[in-house]
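First up is the structure itself, then whatever we jot down about it.
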Amino acid sequence: MSSSREYKALKGMQDVLPPNSYLWKKTEETAEEIFTAYGYRPIRPPIAETTDLFTRSIGENTDIVEKEMYTFNDKAGRSVTLRPEGTASVVRSYVEHHLYTLPSPQKYYYSGPMFRYERPQSGRLRQFYQIGAEVFGAAYPWMDAEMLSMLRHFLERLHLSDLSIEVNSIGCKQCRPAYKTALLDFFSDKRVQLCVDCKRRYTVNPLRILDCKVAGCTAVRKEAPRVTDHHCCDCESHFERFQATLRNFGITYNVNPEMVRGLDYYTRTIFEITSKDLGAQNAVVAGGRYDDLVKEFGGPDTPAIGFAAGMERIVELLNRSGASALPSPDAFISLLGEQACRKGILIADDLRTKGFWVELGDPEASLKSQMRRADKVSARYVFVIGDKEIDSGNVQWKKLSDASQGLISLSGIYDFLADKAG
RNA sequence: GUGGGUGUAGCUCAGUUGGUUAGAGCAUCUGACUGUGGCUCAGAGGGCCGCGGGUUCGAAUCCCGUCACUCACCCCA
């Protein structure tokens with residue numbers, strides 16, 4: 001006890017244990033299945049990159065870069081960072097390996113741990129897992145809609161409902177600067193009325209004033225100019241056609257002109273899928289377009305769009321909906337006596353190579369306690385192998401759910417199980 | 001980084017105005033005529049009452065500090 005207290009997982013990092021780990025597995029398998037049908041292929045970038053990669057893509061004065069990165073120097077003195085998100089690595093990989101020479105669009109998905117040094121709270125960890133996907137080389141707005149359709153199918157397949165889809169378009173490098181100045185103009189004489197954080201945002205990132213939750217700020221920005229009114233022609237038409245495609249898919253969504261992004265690389269379409277059942281950290285999926293990033297990383301001018309889904313948050317919703325996926329052994333073999341033990345172990349081994357989950361009893365324990373154990377682990381069938389059975393060549397089977405039992409030949413256990421399983 | 005809440009058995013929690021060997025339920029293990037689970041019954045193991053200090057004849061209980069966990073802000077998946 002006192003010795004096991006010496007070591008604990010680090011703050012904000014957790015062990016995923018059964019039965020929860022089965023929900024993780026189910027979530028990952030479902031994503032893989034759905035994404036594959038949409039043409040996404042797996043990609044596995046490393047979890048650490050040179051620090052510069054993140055500061056440049058995510059943005060120098062975002063919170064992630066300013067205070068949340070796991071950054072350290074390696075033995076050669078290079079600054080290395082544990083990835084706080086997946087997109088930067090995938091884009092780097094896309095450029096580094098000249099994946100743009102493959103037919104467009106290229107679609108990739110990944111899943112794995114991300115790291116942000118934050119104060120943990122419900123739905124927020126320092127090591128957390130995301131399933132994400134990126135599409136390169138598709139500028140057309142129906143790709144944005146297709147991505148949401150895919151996400152809808154993914155979440156539906158997991159039987160998650162009660163989620164809402166919010167979309168917005170934050171313009172491009174043509175129209176955003178003008179909008180930014182319009183915002184600054186609007187707030188310039190109202191700065192005193194804003195909260196402390198928003199006063200800071202005014203100089204650092206004025207767009208962020210739009211999603212401040214402080215009541216005073218919500219009131220002040222009522223008449224603030226809207227991004228959607230400042231789109232250039234291309235952005236306006238992109239956003240229009242994106243929405244038309246969403247409607248064509250029969251997807252219900254909300255346009256939320258106040259939604260912004262914490263990462264600097266986004267352009268045009270951004271979206272979020274949120275749940276009311278998750279507390280303050282309510283985003284299950286978030287993503288958007290980043291049409292300039294590939295070029296900024298030294299690749300050809302390539303439009304791109306992607307998203308990331310929070311594993312822990314999805315699993316939390318699955319838990320709330322009562323989903324469970326705890327498997328149990330196909331068979332439990334109770335052993336009584338020396339001879340039976342030698343034979344039983346071989347039988348179990350053979351069944352296991354044929355794909356059955358088989359548990360063995362402790363031959364030194366009483367049959368009673370072996371049966372008790374079989375029940376505890378919810379084995380479907382128990383086979384009792386004792387010296388009596390070895391002599392007669394027959395074993396007794398028992399089905400625990402209804403206590404039915406009977407005799408079969410020692411060599412017929414596989415056929416018996418295969419028959420019951422089919 | 002800033003606030004609030006909570007720390008008693010593996011888990012969920014009782015613990016009365018400070019007063020003897022700190023309890024329950026669940027879980028674990030064993031047994032109830034010798035080769036049969038679940039239900040029932042009997043029993044067992046398992047607690048520096050988060051840690052350190054203080055007040056007191058006496059602290060799980062009161063005070064201070066500290067650490068951990070947790071929720072929220074910030075921010076975000």
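Reminder, nothing fancy here: chain letters follow the sequence lines and each chain counts from 1. Every heavy atom of this structure was used, including side-chain atoms; hydrogens, water molecules and symmetry mates were not.
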If we call it a pair only when both distances are under 3.5 Å in a Watson-Crick or G-U wobble match, what pairs with [N]?
N     : result
B:U34 : none
B:U12 : B:A24
B:G1  : B:C73
B:G47 : none
B:A59 : none
B:G7  : B:C67

Query - Along RNA chain B (nearest heavy atom to each residue), the more 5'-positioned of A:S404 and A:S366 - result: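 Taking each residue's closest nucleotide, the earlier one in sequence belongs to A:S366.
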Query raised in the report: Which sits closer to the 5' end of RNA chain B, A:A9 or A:I273, going by the nucleotide each is nearest to?
Result: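 Comparing both residues, the 5'-ward one is A:A9.
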When the [atom1] atoms of [N] and [M] are considered, how many whole Å apart are they?
N     : M     : atom1 : answer
B:G38 : B:A32 : P     : 13 Å
B:G1  : B:C48 : P     : 31 Å
B:C29 : B:G37 : P     : 15 Å
B:G46 : B:A27 : C1'   : 11 Å
B:G50 : B:U8  : P     : 6 Å
B:U20 : B:G53 : C1'   : 26 Å
B:A44 : B:G23 : P     : 13 Å
B:A60 : B:G19 : C1'   : 13 Å

So what does [X] touch, heavy atoms closer than 4.0 Å: a base, only the sugar-phosphate, or nothing?
X      : result
A:K398 : base
A:A403 : base
A:V384 : base
A:E68  : sugar-phosphate
A:A283 : sugar-phosphate
A:K388 : base
A:S378 : nothing
A:I131 : nothing
A:Q405 : base
A:R373 : nothing
A:G279 : sugar-phosphate
A:D63  : sugar-phosphate

Nucleotide nearest [X] when distance is taken to its side chain, options [options]:
X      : options             : value
A:A286 : B:C75, B:A77, B:C29 : B:A77
A:E312 : B:C69, B:G37, B:A77 : B:A77
A:S122 : B:C74, B:A72, B:A77 : B:A72

Side-chain donor/acceptor contact of [X] with base of [N] under 3.5 Å:
X      : N     : answer
A:E389 : B:G35 : yes
A:R313 : B:C76 : yes
A:D375 : B:G37 : yes
A:R124 : B:C74 : yes
A:R119 : B:C73 : no

Query raised in the report: Is it true that the NZ or CZ of A:K398 lies under 6.0 Å from the centre of A:F383's six-membered ring and within 45 degrees of the ring axis?
Result: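 No - A:K398 does not lie over the ring of A:F383 by the 6.0 Å and 45° rule.
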[X] [atom1] to [N] [atom2], straight-line distance once rounded to whole Å:
X      : N     : atom1 : atom2 : result
A:K67  : B:G1  : NZ    : P     : 10 Å
A:N282 : B:C76 : CG    : C1'   : 10 Å
A:L278 : B:C75 : CG    : P     : 19 Å
A:E364 : B:U30 : CD    : P     : 13 Å
A:L367 : B:U30 : CG    : P     : 13 Å
A:R116 : B:C75 : CZ    : P     : 13 Å
A:I64  : B:G1  : CD1   : C1'   : 17 Å
A:M311 : B:A77 : CE    : C1'   : 12 Å

Requested in this report: State which residue, out of A:K11, A:K67, A:R124, fulfils the salt bridge (Lys or Arg N to Asp or Glu O under 4.0 Å) condition with A:E118.
Outcome: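 For A:E118, the salt bridge (Lys or Arg N to Asp or Glu O under 4.0 Å) test succeeds with only one of A:K11, A:K67, A:R124, which is A:R124.
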Using OP1 and OP2 only, check whether a side-chain N or O of [X] sits under 4.0 Å from [N].
X      : N     : result
A:K399 : B:G37 : no
A:K11  : B:C69 : yes
A:Q121 : B:C73 : yes
A:K368 : B:G37 : yes

Would you tell me whether [X] and [Y] have side-chain atoms, one donor and one acceptor, within less than 3.5 Å of each other?
X      : Y      : result
A:Y108 : A:Q106 : yes
A:Y253 : A:Q243 : yes
A:S328 : A:S378 : no

Mark yes or no for whether [X], through its side chain, and [Y], through its backbone, hold a donor-acceptor pair below 3.5 Å.
X      : Y      : value
A:R221 : A:L210 : yes
A:S149 : A:E146 : no
A:Q370 : A:A365 : yes

Query - Exceeds 12 heavy-atom contacts within 6.0 angstrom, atom CZ of A:R380 - result: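 Atom CZ in A:R380 is crowded, with more than 12 foreign heavy atoms closer than 6.0 Å.
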Query - Atom OH of A:Y117: over 12 foreign heavy atoms under 6.0 Å - result: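 Counting other residues, nucleotides and ligands, OH of A:Y117 stays at 12 neighbours or fewer.
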